[in-house]
Structure formats: C-alpha cells, structure tokens
Amino acid sequence: MDPLGNLGRNNRCWCGEPRKYKACHGRHYPPSTPGQPIGHPDDEDRVWLSPTTAMARNALRQPSTGVPYVRPLGRPQTRPIDVDPAVQALLDAPRLTTQPLPVLGKHRFEVFDHTEHDRAALTDGIVGLAVAVAQALTELNLQHEHRPTILWNDEVDADRLLGQTLLFADHVCVPDHVFAAIIAGRDDDAIHDAIAEQRRLRPLIEAGVIVPVPEALGVAARVDAANTMTKRDLQRRDLTDWIRSQLIVEGPTAREAMFVTTIDDRDSPQMWLYSRQTVFDEDSDGRSTFTSRVLGMYDPAHDYEPWKQQNLDKAVGWHLRRANERLVTGEVFTADYLTTSPFQARLLARKGVLPDQPIHAAVWADIPILPAADPATLARAAAEEEAVEDLRQKVRNALRGARDLGTGADALTALGEDLAHASRQLQRTVRTERRWKVMVPAATGLGAIALGAAGGLPAIASGALGAAGGLVPYFADRAGRRRNAAYLFYLASRTRRPGR
C-alpha cells in the first residue's frame, strides 16, 4: 500500500482493523447532517451533542484560567505553543551521570513499586527519569561508531509498532503518559492507568528497546523553532488549502456542536461548541462583561458560516502545529519521527520533511505474526542479536530496488510472508528433530550404558559419552537456526497474543 497514493476501497484498511477501507477510514463523509435530530435522551452522566457523540457532564466546565477569545482573522491560524513553567524549569535541571537506557528502564519500575501511592515521591521520581532519559538519548547520538537507529511515534501501541517495523530500530521512543498526566495535574486514576500501560510494556522498557520520553519537554526545548516553522507553514497557501480539503465537517449539530475529523488520520476529532454571547454589563470606561451560553438548539435560520470557517482555520493551524511539535520532539530525542497515518505522511511529504528511512515502508506493509507478539516475546526476540541483524539485512536487501513507499511496502509484505512460511517450516523441523535427534540417540546411549554395566565404569562412561555425542548435531542445528531471521517469527508464533 502506498500512503501517498490513492487507497483501494476494497482493500483492508490501513489502520489494521479487519475491515475494508471503504467501511472504515474510507468513509469520507460526516456521520450526521446539520441539525439532524439526536434521538437519545440526556442522563445524569452525559449529554448528547450529536446522533453519535455524547460528552460526560463533568467535562462541561470552564477552565479556571478562562477561555481565550480569538477574533476571526479570515485565514488559517493557531496560537503559539505555551510551555508549562514546571516543564520549562526541567530544561535547566543539572546534568546527571548518564545511565544506559536498560538501567533507566529498570529504575522506572522501582519508582512505580515504591512510590505509586505517594504522589509527591512519584512526581520526583518520574521527573528525574524524564531528564535522565533525555540525556541518555543525547549521549547515544554522539556515538561516532555504531550509532543506533531510534524512531519516535505517538500514535499506536509501541509493541505493535516494534513488530510492524521488523525490529529495525534499536530504540523506539513513545510518549511518557505518566509524566504527561503528572504535569497536567490529572487525577490519580489517570496516573494509575498510565502506569498500568507501562507495566504491560515492562519487558521492552527494561530492555531499553521501548523508551518512554517526556514529549512536553521535547517541545519546550525547541519551542521557538516549532513556532517559527508553524508560522512559515501558515503562509503557504498550497499547504493550508490542501489540509482544508482533507477535513470532514459534522455540524452544526442539534446541540450547536461542530466536529472536524481528517481523512486517513489517527488523531481524535476536534470539537467546538457554539457560544451565544450577550453583553452582561458595561462600565463607564467602555469595558464590557459578556456572558455566554453553550449547548443551544440548532436554528436553521441562523448564519453559522462565519463560525464554521473560523473553526476550519483553527483546525488547519492545529494540524500544522501538531506536525511541527512531533518533528521537533524527534530532533530533541535524536529520533526520526515515524508516522503511521497516511494523512500525516502526505502532510510531511508536502512540507518536504518526510524522512527518507527505508523502514517507513514497513508501516504500510502486511507483516504477519510479529505485530501480534506479546511484549515479553518481543523483548526475547530483540535479544537475539544475530537473528535481528539477519532480519535487518534482509529488510535492506528487499528495499534496495523500491522506487517509493508503495513498492517498498509490497516488497516487505513479500518478505514477511516468506519469513512466516519459513518459521512454520522451522516449527515442523524442530518438532521432528526433538523426536529423532534427542530421543533416538538418548535411547541408544542408555542401551549402551545398560549393556556395558557388566563391564564396569569404563563401559558405562563410554555409553554416556556416546549419548552426548549423538546430541551434538542437534545443538549445532539449534545454534544455526537462531542466527536466521525466520527464528524471530518462530518465537513470536509460539506465543501470540490472544485477540490481537
């Protein structure tokens, strides 16, 4: 599949769901028409905003800092990135002794084990880890020889991405959601959920293969560059017009809400609520106090078009800013941003910054077995250095003649199928060898020992050595198999995750 080209409507959807593209992300139309009746009653816990979308009542509250009032500019717009003072302070944190990523991975779970129910101690531990991880990644990039391959992605499960990309990266950076929840002041339940997800990935994190990174710290370190890039992108009419053409608009709904999704993207929909403002008070200096009301009823006679256009301008700006945040985060953590969204890939290509990394083709290839392996199995597979290197070399060879991402994805799909087939053959071979190369020599040796019992210890020793000698070819074959890329697929096929 070529993410930069037209996607086949009857092909399996690029997102991995077992549905055709036309029945999944290929639905390029809004789920409801403006003002369409909702048909669901509100209850104590939620309010329906459209026929298909409800919002929790406790989410309908105004932030204590207020809501900024943004006047329409008549062109795509976005606010500059705000850096949390707590995150800014970490940029000036004293440099620590650099620890290897596996050591930091093990320390992460020591922090969880000892401080999970002590928020202050947990905060100190996670903040310290965030700074240490950033420094460790910087040190890795300074290596002149054997510089590791580091990827950065914030869209899909880290273990699935690792398998999908055929263990090509030495390290895969993912957002540290525990750090993000603490910095954002989220409640304890949100923090515990983030910890639970990292515990699921524990074998890979402790191996230093998966690396949770503080995304907000990465953005803060290059905030001026990100803002400059976004400002420059907003001035490119070809870029902003293309993004606008990719937006799917639902609304205004019966509750005066508007949702904007993007063709072939993984990001959640953006939402706006129409606010009917009236002057509540006006003082002698001409300053006015406004009151606003949301969740009104759709009025077919009202002109919502200026509001819709302003929101579309904001959506365009948001996508550009988000793309630049991802790019600068990758730069700070010395990683290549690897997107799994066709929309993001097209956007980066139009910006001229789609990385020319061969492994990008694997994201859209149909790789069997490995993406469905559990974290413990993937950690074990990643430790098989010779087999991993053989796999990486096979990937390079497969992509040598690829003209673009599409042909590269096809080449890796074929490679994946070949390795899956080889792993099934290997599985049958192993079963046969265990039967004939272990049982038969062992039985022969035991017979020799029994027959030689009358001859005393020399004869018994001779029979035992004969049995051991019969096992030598088996262990030699086993060592040879572990050097082959198919062995990694064999490992994964033995312990695939149920339902994944």
J.: If only atom types and distance count, is the side chain of Glu116 paired as donor or acceptor with the main-chain N or O of Leu122 below 3.5 Å?
T.: no
J.: Hey, does Tyr21 have a side-chain heavy atom less than 4.5 Å from the side chain of Asp264?
T.: yes
J.: Filter on side chain to side chain donor-acceptor pair (under 3.5 Å), then keep only pairs touching residues 121-140, sequence neighbours left out; what's left?
T.: Arg95-Glu139
J.: Got Pro212 and Val133 here, is their nearest side-chain heavy-atom distance under 4.5 Å?
T.: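 No; the side chains remain at least 4.5 Å from each other.
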J.: Side-chain contact test, heavy atoms from C-beta onward, threshold under 4.5 Å: evaluate it for Asn324 versus Lys351 and give yes or no.
T.: yes
J.: Applying side-chain contact (heavy atoms from CB on, under 4.5 Å) between Leu167 and each of Val395, Leu488, Ile359, report the one that passes.
T.: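 Among the candidates, only Leu488 passes.
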J.: Indicate yes or no: at least one non-hydrogen side-chain atom of Ile205 is less than 4.5 angstrom from one of Val211.
T.: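 Ile205 vs Val211: side chains apart.
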J.: Of all heavy-atom pairs between Phe333 and Pro214, which one has the smallest distance, and what is that distance?
T.: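 Between these two residues, the closest heavy atoms are CZ-O, 3.5 Å.
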J.: List the atom of Ile369, the atom of Ala420, and the distance in Å for their closest heavy-atom pair.
T.: CD1-CB, 3.9 Å
J.: Can you list the steps and then say if His319 with Gln246 is a side-chain contact (heavy atoms from CB on, under 4.5 Å)?
T.: CA-CA 11 Å; His319 279 293; Gln246 302 298 296; over 6 Å; no
J.: Under the ring pair (Phe, Tyr, Trp, His ring centres under 6.0 Å) definition, can you give me all pairs with a residue in residues 208-233, not counting sequence neighbours?
T.: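 Ring pair (Phe, Tyr, Trp, His ring centres under 6.0 Å) check on residues 208-233 returns no pairs.
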J.: Would you mind listing every ring pair (Phe, Tyr, Trp, His ring centres under 6.0 Å) that reaches into residues 199-228, with sequence neighbours excluded?
T.: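 Applying ring pair (Phe, Tyr, Trp, His ring centres under 6.0 Å) to every pair that reaches into residues 199-228, excluding sequence neighbours, yields nothing.
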J.: Indicate the atoms forming the closest heavy-atom contact of Leu101 with Ala136, along with that distance.
T.: CD2-CB, 3.9 Å
J.: Hey, are Thr413 and Asp366 close enough side-chain-wise for a donor-acceptor pair under 3.5 Å?
T.: no
J.: Would you say His114 has more than 12 foreign heavy atoms packed within less than 6.0 Å of its NE2?
T.: no
J.: Compile the donor-acceptor pairs under 3.5 Å between side chains in residues 175-183 and protein atoms, sequence neighbours left out, one pair per line.
T.:
residue, atom, partner, partner atom, Å
Asp176, OD1, Val178, N, 3.2
Asp176, OD1, Phe179, N, 3.1
Asp176, OD1, Gln198, NE2, 2.9
Asp176, OD2, Arg108, NH1, 3.1

J.: If you count the non-hydrogen atoms of other residues, nucleotides and ligands that lie under 6.0 Å from NZ in Lys394, is the total more than 12?
T.: yes
J.: Taking the side chain as every heavy atom from C-beta outward, state whether Leu327 and Leu348 have any pair of such atoms under 4.5 Å apart.
T.: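 When only atoms from C-beta onward are counted, Leu348 and Leu327 do touch, with a gap below 4.5 Å.
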J.: Can you pull the salt bridge (charged side-chain N to carboxylate O under 4.0 Å, His left out) pairs that have at least one residue in residues 8-30, sequence neighbours excluded?
T.: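 The answer is none; no pair qualifies.
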J.: Tell me the closest heavy-atom pair linking Pro76 and Leu234, and the distance in Å.
T.: CB-CD2, 3.8 Å
J.: Of all residues at least two apart in sequence or in a different chain, which pass the side chain to side chain contact (heavy atoms under 4.5 Å, CB included) check with Asn227?
T.: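 Asn227 satisfies side chain to side chain contact (heavy atoms under 4.5 Å, CB included) with Pro80, Ile81, Val223 once adjacent residues are dropped.
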J.: Look up atom NE2 in His28 and atom OG1 in Thr262, then write down how far apart they are to the nearest 0.5 Å.
T.: 10.5 Å
J.: Nearest 0.5 angstrom please: His107 NE2 to Phe112 CZ, how far?
T.: 10.5 Å
J.: With a 4.5 Å cut-off on side-chain heavy atoms, are Leu391 and Val388 touching?
T.: no
J.: Sequence neighbours left out, what passes side chain to side chain contact (heavy atoms under 4.5 Å, CB included) with Thr340? Give chain and number order.
T.: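 Side chain to side chain contact (heavy atoms under 4.5 Å, CB included) check on Thr340 returns Asn153, Glu155, Val156, Leu161, Arg266, Val363.
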J.: State which residues pass side-chain hydrogen bond (donor to acceptor under 3.5 Å, both in side chains) with Thr407; sequence neighbours excluded, sorted by chain then number.
T.: Asp404
J.: What distance separates Leu166 CG from Leu370 CG, expressed to the nearest 0.5 Å?
T.: 6.5 Å
J.: Are Phe259 and Ser268 side-chain neighbours, meaning at least one heavy-atom pair lies under 4.5 Å?
T.: no
J.: Enter the distance from Arg380:CZ to Asp374:CG here, rounded to the nearest 0.5 Å.
T.: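 So the gap between those two atoms works out to 10.5 Å.
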J.: Can you check whether Leu320 reaches Leu347 side chain to side chain, under 4.5 Å on heavy atoms?
T.: yes
J.: Output every pair passing salt bridge (charged side-chain N to carboxylate O under 4.0 Å, His left out) with a member in residues 315-332, not counting sequence neighbours, ordered by first then second residue.
T.: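 Residue pairs with at least one partner in residues 315-332: Asp154-Arg322, Asp154-Arg326, Glu215-Arg322, Arg222-Glu331, Asp267-Arg326, Arg321-Glu325, Arg322-Glu325.
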J.: Would Tyr29 and Ile248 count as a side-chain contact (heavy atoms from CB on, under 4.5 Å) here? Give the steps.
T.: CA-CA 6 Å; Tyr29 50 84; Ile248 303 171; 5.6 Å; no
J.: Can you give me the closest heavy-atom contact between Trp152 and Ala335, atom names plus distance?
T.: CB-CB, 3.7 Å
J.: Measuring from Gln270:CD to Leu312:CG, what's the distance to the nearest 0.5 Å?
T.: 9.5 Å
J.: Walk me through whether Asp113 and Arg199 qualify under salt bridge (charged side-chain N to carboxylate O under 4.0 Å, His left out).
T.: CA-CA 10 Å; Asp113 292 341; Arg199 287 191 185 279; 3.2 Å; yes
J.: Near Gln235 CD, under 6.0 Å, is it more than 12 heavy atoms from other residues, nucleotides or ligands?
T.: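 For Gln235, atom CD is crowded (more than 12 foreign heavy atoms under 6.0 Å).
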J.: Strictly below 4.0 Å, N to O, side chains only: are Asp313 and Arg244 in salt-bridge contact?
T.: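 Salt bridge between Asp313 and Arg244, a charged N being under 4.0 Å from a carboxylate O: yes.
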J.: Using the salt bridge (charged side-chain N to carboxylate O under 4.0 Å, His left out) rule, collect all pairs that involve residues 162-175, keeping only residues at least two apart or in two chains.
T.: Asp170-Arg392
J.: Do the side chain of His171 and the main chain of Gly208 share a donor and acceptor less than 3.5 angstrom apart?
T.: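 Answer holds: yes.
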J.: Could you give me the CA-CA distance, side-chain angles and deciding distance for Leu354 and Leu405, then say whether side-chain contact (heavy atoms from CB on, under 4.5 Å) is met?
T.: CA-CA 11 Å; Leu354 184 65; Leu405 284 176; 4.0 Å; yes
J.: Which atom names give the shortest non-hydrogen contact between Ser341 and Trp14, and what distance separates them?
T.: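 Looking at all heavy atoms of both residues, the closest pair is CA-CZ3, 4.3 Å.
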J.: What pairs of donor and acceptor atoms, side-chain ones from residues 190-197 against any protein atom, are under 3.5 angstrom apart with sequence neighbours left out?
T.:
residue, atom, partner, partner atom, Å
His192, ND1, Asp188, O, 3.3
Glu197, OE1, Arg200, NE, 3.3
Glu197, OE2, Arg200, NH2, 3.1

J.: Provide the full list of ring pair (Phe, Tyr, Trp, His ring centres under 6.0 Å) pairs with a residue in residues 381-414, sequence neighbours left out, each pair given once.
T.: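 Qualifying pairs: none.
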J.: To the nearest 0.5 angstrom, please state how far the CG atom of Leu426 sits from the OG atom of Ser493.
T.: 8.5 Å
J.: Okay, side chain of Asn484, backbone of Tyr487: is any donor-acceptor separation there less than 3.5 Å?
T.: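 The answer is no, because no donor-acceptor pair under 3.5 Å joins these two groups.
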J.: Please step through side-chain contact (heavy atoms from CB on, under 4.5 Å) for the pair Val209 and Leu378, ending with a clear verdict.
T.: CA-CA 10 Å; Val209 178; Leu378 284 173; over 6 Å; no
